[in-house]
Chemist: 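One structure coming up, written as C-alpha cells, with questions to follow.
Naming: A, B, ... by sequence-line order, numbering from 1 per chain. Owing to the predicted nature of the structure, the values given are computational and were not obtained by experimental measurement.
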Amino acid sequence: MDLLAGLNPQQTQAVTAEPGPTLVLAGPGSGKTRVLTQRIAYLINHLGVAPYRILAVTFTNKAANEMKQRLQNLLGADLRGLTIGTFHSIGARWLRREAQYLAVTRDFVIFDTSDQEALVKQVIQELNLDDKKFRPSALLAKISHAKNELIGPDEYPAPTYAAEIHKRVYQRYQELLVANNALDFDDLLIYVVRLFREHPDLLAKYQRAFDHVLVDEFQDTNTVQYALLRELTAVRRNLYAVGDPDQSVYRWRGADYRNVHKLKEDFRDLTTILLEQNYRSTQLILDAAMAVIDKHPGRTRKQLFTQRRGGAAIYVLEAYNEDEEARYVVDAITQLNAEGRYQLGDFAVMYRTNAQSRAVEEAFVRARLPYKLVGAQRFYGRKEIKDLLAYLRLVHNPADSVSLLRVINTPARGIGAKTLELLQETARGAGLTAADVVRDLGEAGPKSVYAPRFGAKAAAALANFGLMLQHWTSARAELSVVQLMDTILERIGYRDFLTDGTEEGDERWANVLELRGVAQEFGEAGLSDFLQEVALVSDQDTVSEEGKAPILLTLHAAKGLEFPVVFIVGLDEGVLPHQRSFEDPEAMHEERRLMYVGMTRAKDQLYLLRAFRRSLYGDASVSEASRFLFDIPDRLLAGQKPHKQIRASEAYQRQTTWDTPARGRSVNLSGGAATPKPSARPSGGEARYRTGQRVKHASFGEGIVIESRGRGDDEEVTVAFEAVGIKRLLASAANLQLLQG
DNA sequence: AAGGCCCTTCTTTTT
DNA sequence: GAAGGGCCTT
C-alpha cells in the first residue's frame with residue numbers, strides 16, 4: 001500500500017522527513033493526526049524501525065486511541081509493543097514499573113484536584129493556619145507551580161513569611177501524599193524526571209528503549225514535559241514534535257508554547273515543516289479566523305488556505321440576554337435541521353465557561369431537542385461517583401486516608417467529626433493508617449487496644465466499618481472490578497441511600513450504574529488499571545464520534561474536534577475574553593487563541609452570538625461586544641454586525657443618530673431566502689416605548705430608551721439615564737414620562 | 001450525630 | 001445561583 005497517496009507536498013515532506021529533530025507546525029484542519037500516524041507507519045514500513053522502539057505521546061486518551069486505531073487500519077498487523085499514551089498515563093506506567101525507587105508502592109493511587117484539596121485542608125488544620133487567609137486552591141497553585149519548575153519542598157525559596165508558610169504546607173502536603181501512597185497529577189511527571197536525574201542507568205535504559213519519540217500538541221507541553229522529552233531523546237535525537245502555537249490554550253496549567261522556540265534552540269539542526277493547507281473549513285471561515293489570530297503579537301504568520309472557496313457568511317447575533325441567545329441557537333438548529341441540510345449531530349455549541357451551559361441546556365429542553373453535554377469532570381466530579389470510587393480506592397490502597405474519610409460515614413453510620421478526629425489522632429500516635437486502626441477494631445472487637453479510646457457506640461461503629469473493609473480487601477483478589485463494586489454497593493445499601501423518591505435520586509443511581517458500565521467494559525483488567533483509567537480521563541475523551549445530537553462543550557474541550565455547524569456563545573467582554581485576562585496581556589493572548597480554536601472548528605457555518613445583558617453570580621449587568629468580533633472584517637459577516645456600546649451620557653447627546661440595530665428585526669439565519677425571525681417577541685399589547693425615545697424618571701432623571709421588550713403583560717424598558725447610567729425598569733412600575741416620540 | 005437553614009464565596013479553562 | 005461552611009435544632 002502506498003503510504004503517501006493523497007498527501008500534499010508539505011504533508012509528504014513531514015511524513016518522510018529524515019530522522020532527527022523535527023518540528024511540524026500544523027495549522028488547524030491541516031491533517032495533523034494523519035501526518036503523525038503516517039509518520040509512525042513510515043518509520044515502521046519504510047525505515048524498518050521496530051514498533052516497540054517507538055514512543056508516541058499525546059495529551060488525551062482520545063487522541064492516543066484514535067492514533068492506535070488508525071495505525072491498526074494502516075498496518076493491519078498488531079502494533080507489537082508500540083507505546084502510545086498520554087504523558088500522565090505513560091508516567092504512571094513507568095513509575096509503577098520502577099516503584100522500587102520510589103517512596104510509594106506500585107499500588108499508588110492518583111489524587112485528583114479534589115483529593116488534593118482535601119489533603120491541603122488537612123494540612124491547614126494541622127498547621128493551625130487561618131483558613132480565611134490561606135485558601136486550599138491558592139496553596140495548591142503555588143505547589144503545582146513549584147513542582148512544574150522541578151522545585152522540591154525543601155528547595156522551595158522562602159524569602160518572606162508568606163513564602164515560608166507555603167513551603168511548610170508544601171512539605172507537609174508531600175509527606176501526606178507519600179503516607180497516603182498517592183501521587184498527584186504533577187507527580188506523575190516530575191517523579192519520572194527526578195528518577196532519570198538520580199539514576200542515570202534508568203535514563204539510559206529508557207533512552208535506549210526508544211529510537212523515536214513523537215509528540216502531539218507540542219505547544220501544550222509544560223516545563224516538566226519538555227524536560228522529559230529532551231532527556232529521553234538526548235542521545236538519539238529523534239524527537240518529532242507536532243503542534244501549533246496558535247492553538248496553545250493551557251497556559252494556566254503550566255503549558256508554555258515558547259517550548260516551540262526552545263526546541264529550536266536546543267536542537268540547532270531542527271527541521272521545521274509548515275502545514276498550511278486546510279481540509280476542514282471554508283475559505284471564508286479561515287479568513288475570519290486568521291483575521292482574529294493575526295492580531296496576536298509576536299507570532300509566525302501562517303497563511304491558511306483551502307480548496308473550499310467561499311462559503312456562507314459568519315452570522316453574528318446579538319440577543320437580549322443569555323436565554324434569548326440560547327433560543328437563537330436552538331431555533332437556528334431546528335431550522336437548519338428541518339431544511340434537511342444538517343443532521344442534529346452536525347451541530348456544536350461552544351462556550352468559555354461551563355456555567356454558560358445552563359442557559360443553553362434549558363433552551364434545548366424547552367424545545368424538546370436532544371443534546372449531549374461534554375464534561376468528564378462533571379461525571380467524575382459527582383458525589384455518588386466520587387464516593388463509590390473512594391470505596392474502590394480504599395480497598396485497593398487502604399493507606400488512602402482521603403478516601404477513607406470520605407466514605408467512612410457515607411451512608412451515615414454514626415461516625416461523627418469527634419470520632420474521626422480521635423481516629424486520626426490514634427492512628428498518628430500509633431504510626432499506623434486510619435484503615436489499620438479500624439481493621440484492628442473490627443477483628444479484635446472490644447479487645448482491641450484501641451477500643452478504650454472510643455466510646456462504646458463509636459468503637460462499635462468503627463469496628464463494623466473495619467470488618468467490611470477487611471472483608472473487601474481479602475475478597476478483592478478473586479473478584480472482578482464489577483463484582484467488587486456490586487459487593488460494596490450491596491453491603492452498604494447504596495441504592496436505597498441514593499434513591500429518595502425524587503428524580504435526582506434516580507439520576508444519582510443511574511450515574512452509579514453508568515460507572516458500573518464503565519467497569520464492565522473494562523472487563524478483566526485489574527482494579528489498579530481501572531482506577532488509573534478513571535483518574536486520567538479528560539473531557540475530550542468523552543466526546544463520542546458518531547453523535548446523534550448537538551453537542552455542548554467548552555472551547556477548551558472543543559480543541560481537536562470539527563463540526564459542520566458551530567455556534568460560539570457569550571462573545572462579550574468579560575466572558576470571551578474572560579474578565580480574569582484583562583490585567584494580564586499573556587492571558588489576553590490566550591483568550592484570542594481560544595477564540596481562534598473555536599472558530600476553526602467549523603467546517604461550513606459559524607455563528608457568533610452575544611448577549612446584551614448577562615448575569616454573573618446571579619445578578620445581571622450590561623455587557624459590551626467582545627473585542628474579537630471587531631477583528632473580523634465586516635465583509636465576512638452577516639446578521640447583526642457588532643457595534644460599540646455607547647455610554648449613557650454619549651447616548652444622550654447622540655440620540656438623533658442612534659444606530660442600535662433593533663433587536664427583533666428579521667434575521668436570515670440560513671443564508672437562503674429571508675425567513676421569519678427565530679423567536680418572535682413575546683406577544684402582548686402594543687409596546688409603549690421604543691428604542692431612541694427620550695423619557696424622564698422621577699428619581700433617575702432624563703434618559704433614552706435603549707430597548708423595550710414585552711414581559712408577560714408588562715413591558716421591560718432599558719433606559720440609558722444621563723445621570724445614573726443604564727437601568728432596566730418595568731413600565732408599569734417605573735412611571736416613565738415620555739418627552740418626545 | 002444528623003439534618004436543616006442561612007451565610008459567604010465564587011468560577012475560567014482540566015491532565 | 002450553587003455549593004460549601006458554620007450554626008442551629010432535634
Chemist: Any donor-acceptor pair under 3.5 Å linking the side-chain atoms of A/D572 with those of A/S623?
Modeler: yes
Chemist: For A/R253 and B/dT11, what is the distance between atoms CZ and P respectively, to the nearest whole Å?
Modeler: 18 Å
Chemist: Find which nucleotide of DNA chain B each of A/S137 and A/A535 is nearest to by heavy atoms, and output the residue with the more 5' nucleotide.
Modeler: A/S137
Chemist: By side chain to side chain donor-acceptor pair (under 3.5 Å), which residues pair with A/Q579, not counting sequence neighbours?
Modeler: none
Chemist: Can you identify which nucleotide, out of C/dA2, B/dT9, B/dT15, has its nearest atom closest to the A/R135 side chain?
Modeler: B/dT9
Chemist: Between A/S144 and A/D186, do the side chains contain an N or O donor and an N or O acceptor separated by less than 3.5 Å?
Modeler: yes
Chemist: Quickly work out the A/W252 CH2 to B/dT15 C1' distance and round it to whole Å.
Modeler: 8 Å
Chemist: Taking only nitrogen or oxygen atoms into account, show me every contact under 3.5 Å that the protein makes with nucleotides 3-5 of chain C, one pair per line with its distance.
Modeler:
| from | atom 1 | to | atom 2 | distance (Å) |
| --- | --- | --- | --- | --- |
| C/dG5 | OP1 | A/K121 | NZ | 3.0 |

Chemist: Please name all residues satisfying side chain to side chain contact (heavy atoms under 4.5 Å, CB included) with A/A390, sequence neighbours left out, ordered by chain then number.
Modeler: A/S403, A/R406, A/V407
Chemist: For the pair A/N397 (side chain) and A/R393 (backbone), establish whether a donor and an acceptor sit closer than 3.5 Å, ignoring hydrogens and angles.
Modeler: no
Chemist: Provide the distance between the two C1' atoms, one in B/dT11 and one in C/dG6, to the nearest whole Å.
Modeler: 22 Å
Chemist: Any side-chain donor-acceptor pair under 3.5 Å between A/D244 and A/Y257?
Modeler: no
Chemist: Considering just the side-chain nitrogens and oxygens of A/N354, establish if one lies under 4.0 Å of OP1 or OP2 belonging to B/dT13.
Modeler: yes
Chemist: Students often get this wrong, so: under 4.0 angstrom with heavy atoms, is A/F185 touching a base, only sugar-phosphate, or nothing?
Modeler: base
Chemist: Which is true for A/D186 with a 4.0 Å heavy-atom rule: it touches a base, it touches only sugar-phosphate, or it touches nothing?
Modeler: nothing
Chemist: Answer yes or no: does a side-chain N or O of A/S538 lie under 4.0 Å from OP1 or OP2 of B/dT15?
Modeler: yes
Chemist: Are a donor atom and an acceptor atom from the side chains of A/Y173 and A/Q116 found within less than 3.5 Å of each other?
Modeler: yes
Chemist: What is the distance, rounded to the nearest whole Å, between atom CG of A/D216 and atom P of B/dT15?
Modeler: 15 Å
Chemist: Rounded to whole Å, how long is the line connecting atom CZ of A/R358 with atom P of B/dT11?
Modeler: 18 Å
Chemist: Please give, in whole Å, the distance from B/dT14 C1' to A/D115 CG?
Modeler: 15 Å
Chemist: Under 3.5 Å, is there a donor-acceptor pair between the A/S538 and A/K62 side chains?
Modeler: no
Chemist: Answer with base, sugar-phosphate or nothing: what part of the nucleic acid does A/R251 contact at a heavy-atom distance below 4.0 Å?
Modeler: nothing
Chemist: Would you say A/R299 has more than 12 foreign heavy atoms packed within less than 6.0 Å of its CZ?
Modeler: yes
Chemist: Identify each atom pair where a protein N or O and an N or O of nucleotides 1-7 of chain B are less than 3.5 Å apart, giving names and distance.
Modeler:
| from | atom 1 | to | atom 2 | distance (Å) |
| --- | --- | --- | --- | --- |
| B/dA1 | OP1 | A/G416 | N | 3.3 |
| B/dA1 | OP1 | A/T419 | OG1 | 2.9 |
| B/dA2 | OP1 | A/G414 | N | 2.9 |
| B/dA2 | OP2 | A/N409 | ND2 | 2.8 |

Chemist: Taking only heavy atoms on the protein side, list every residue of residues 576-588 of chain A lying under 4.0 Å from any atom of DNA chain B, sorted numerically.
Modeler: A/H578, A/R580
Chemist: Atom NZ of A/K62 and atom C1' of B/dT15: how far apart are they, to the nearest Å?
Modeler: 16 Å
Chemist: Heavy atoms under 4.0 Å, any strand shown: does A/R593 hit a base, just sugar-phosphate, or nothing?
Modeler: nothing
Chemist: Using whole Å, what does the distance between atom P of nucleotide B/dT13 and atom CZ of A/F59 come to?
Modeler: 19 Å
Chemist: Please name all residues satisfying ring-ring contact (aromatic ring centres under 6.0 Å, His included) with A/W509, sequence neighbours left out, ordered by chain then number.
Modeler: none
Chemist: Report the nucleotide, chosen from B/dT14, B/dT11, B/dT15, that has the shortest atom-to-atom distance to any side-chain atom of A/T113.
Modeler: B/dT15
Chemist: Please evaluate residues A/H396 and A/F530 with respect to the criterion ring pair (Phe, Tyr, Trp, His ring centres under 6.0 Å), reporting the C-alpha separation (whole Å), side-chain torsions for both, the decisive distance (0.1 Å), and the verdict.
Modeler: CA-CA 11 Å; A/H396 173 66; A/F530 175 72; over 10 Å; no
Chemist: Step through the shown structure and confirm whether more than 12 heavy atoms of other residues, nucleotides or ligands are within 6.0 Å of CD on A/E521.
Modeler: no
Chemist: Could you check how far CG of A/D541 sits from C1' of B/dT15, rounded to whole Å?
Modeler: 9 Å
Chemist: For a quick check under 3.5 Å, do A/Q532 and A/R96 share a side-chain donor-acceptor pair by atom type?
Modeler: yes
